[in-house]
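Contents: one structure, followed by commentary.
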Amino acid sequence: MATNREFRSGQHVVVIRESGVASGPDYVLVHGLGMAHEYWQALAEVLEPTGTVYALDLPGFGDAPEPRRPLSMVESGELLAALLTAEGIHHPVLIGHSTGAQVVAETAARHPELVDRL
């Protein structure tokens with residue numbers, strides 16, 4: 001059963017939809033522009049039996065409130081790094097689509113110690 005919760009860092013809110021099983025790898029799914037966590041539903045269903053799936057709504061998308069101004073790629077990468085650290089998501093597989101791929105690449109480049117694979 002999936003659960004939703006908010007992660008807050010300063011004025012920024014990310015909505016996390018968590019599903020899957022506690023054993024196995026952690027998968028963090030980051031959508032592109034104009035999308036939300038629902039984009040990942042089919043992939044999440046495939047991954048859920050093998051690990052924990054965290055499908056995100058980045059600030060201003062899906063159920064996450066609009067930020068005062070759009071975040072840069074660096075800011076988005078830092079926000080994702082803060083989320084991983086605060087949520088205790090250790091060495092996840094980061095999966096991004098479109099702009100989400102840029103966000104996960106930025107996170108991995110700046111914080112390689114936080115990431116297992118992209």
Side-chain angles (χ1 to χ4, degrees):
M1 179 172 179
T3 61
N4 289 355
R5 68 178 176 282
E6 291 184 351
F7 166 75
R8 293 179 177 272
S9 179
Q11 68 164 336
H12 304 295
V13 177
V14 177
V15 174
I16 303 167
R17 180 171 180 82
E18 182 178 343
S19 60
V21 296
S23 61
D26 292 326
Y27 305 100
V28 178
L29 312 180
V30 183
H31 62 78
L33 289 178
M35 299 176 187
H37 74 270
E38 291 91 355
Y39 172 80
W40 296 108
Q41 185 166 343
L43 178 60
E45 289 173 2
V46 171
L47 297 174
E48 286 168 350
T50 68
T52 306
V53 178
Y54 302 91
L56 308 182
D57 284 348
L58 296 176
F61 298 94
D63 295 328
E66 191 76 31
R68 290 185 195 144
R69 62 171 181 74
L71 279 70
S72 69
M73 280 302 121
V74 170
E75 291 169 321
S76 295
E78 290 297 324
L79 180 60
L80 180 54
L83 181 149
L84 296 175
T85 300
E87 291 287 321
I89 303 171
H90 302 288
H91 308 291
V93 177
L94 298 182
I95 303 169
H97 170 72
S98 188
T99 304
Q102 291 177 284
V103 173
V104 302
E106 189 69 43
T107 303
R110 292 178 165 274
H111 301 280
E113 73 283 1
L114 297 178
V115 179
D116 182 23
R117 290 172 273 169
L118 298 180

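What you are looking at is a predicted structure, and each value in this text was computed from that prediction instead of being measured.
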Between [X] (side chain) and [Y] (backbone), is there a donor-acceptor pair under 3.5 Å?
| X | Y | answer |
| --- | --- | --- |
| D57 | A36 | no |
| S19 | M1 | no |
| S72 | E75 | yes |

Quick one: [atom1] on [X] to [atom2] on [Y], what's the gap to the nearest 0.5 Å?
| X | Y | atom1 | atom2 | result |
| --- | --- | --- | --- | --- |
| I89 | L114 | CD1 | CG | 10.5 Å |
| E6 | H12 | CD | NE2 | 14.0 Å |
| L58 | L71 | CG | CG | 8.5 Å |
| E18 | E48 | CD | CD | 10.5 Å |
| I95 | R117 | CD1 | CZ | 9.0 Å |
| H97 | Y39 | NE2 | OH | 3.5 Å |

TODO: Keeping to residues at least two apart or across chains, list the ring pair (Phe, Tyr, Trp, His ring centres under 6.0 Å) pairs with something in residues 66-96.
DONE: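 Listed by first then second residue: nothing to list.
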Open item on the list: Under the ring pair (Phe, Tyr, Trp, His ring centres under 6.0 Å) definition, can you give me all pairs with a residue in residues 45-73, not counting sequence neighbours?
Closed with: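 Matches after skipping sequence neighbours: H31-F61.
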Hphob cluster co-occupancy, [X] + [Y], side-chain heavy atoms under 4.5 angstrom:
| X | Y | answer |
| --- | --- | --- |
| V13 | L83 | no |
| L33 | W40 | no |
| M73 | V115 | yes |
| L118 | L56 | yes |
| L43 | V28 | no |

I'd like to check [X] versus [Y] (side-chain heavy atoms, cut-off strictly below 4.5 Å). Are they in contact?
| X | Y | result |
| --- | --- | --- |
| Y27 | T50 | yes |
| M35 | T99 | no |
| L94 | V30 | no |
| V14 | P59 | yes |
| L80 | E106 | no |

- [ ] Kindly check if the number of other-residue, nucleotide or ligand heavy atoms within 6.0 Å of CD (Q41) is above 12?
- [x]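 No, because the 6.0 Å sphere around CD of Q41 holds 12 heavy atoms or fewer from other groups.
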- [ ] Give a yes or no on this: more than 12 heavy atoms of other residues, nucleotides or ligands lie within 6.0 Å of atom CZ of R5.
- [x]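 Yes, CZ of R5 has more than 12 neighbouring heavy atoms, counting only those of other groups under 6.0 Å.
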Task: Closest approach of F7 to A86 (non-hydrogen atoms, all atoms of both residues) - done: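 Heavy-atom minimum between the residues: CE1-CB, 3.5 Å.
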- [ ] Take H37 and D63 through the test side-chain contact (heavy atoms from CB on, under 4.5 Å) and record every step on the way to the result.
- [x] CA-CA 9 Å; H37 74 270; D63 295 328; 4.2 Å; yes
Open item on the list: Using a 4.5 Å cut-off between side-chain heavy atoms of Ile, Leu, Val, Met, Phe, Trp and Tyr, which other residues end up in the same hydrophobic cluster as V46?
Closed with: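 Besides V46, the cluster holds no residue at all.
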TODO: Would you please test L29 and L47 for side-chain contact (heavy atoms from CB on, under 4.5 Å) and show each step?
DONE: CA-CA 11 Å; L29 312 180; L47 297 174; 4.3 Å; yes
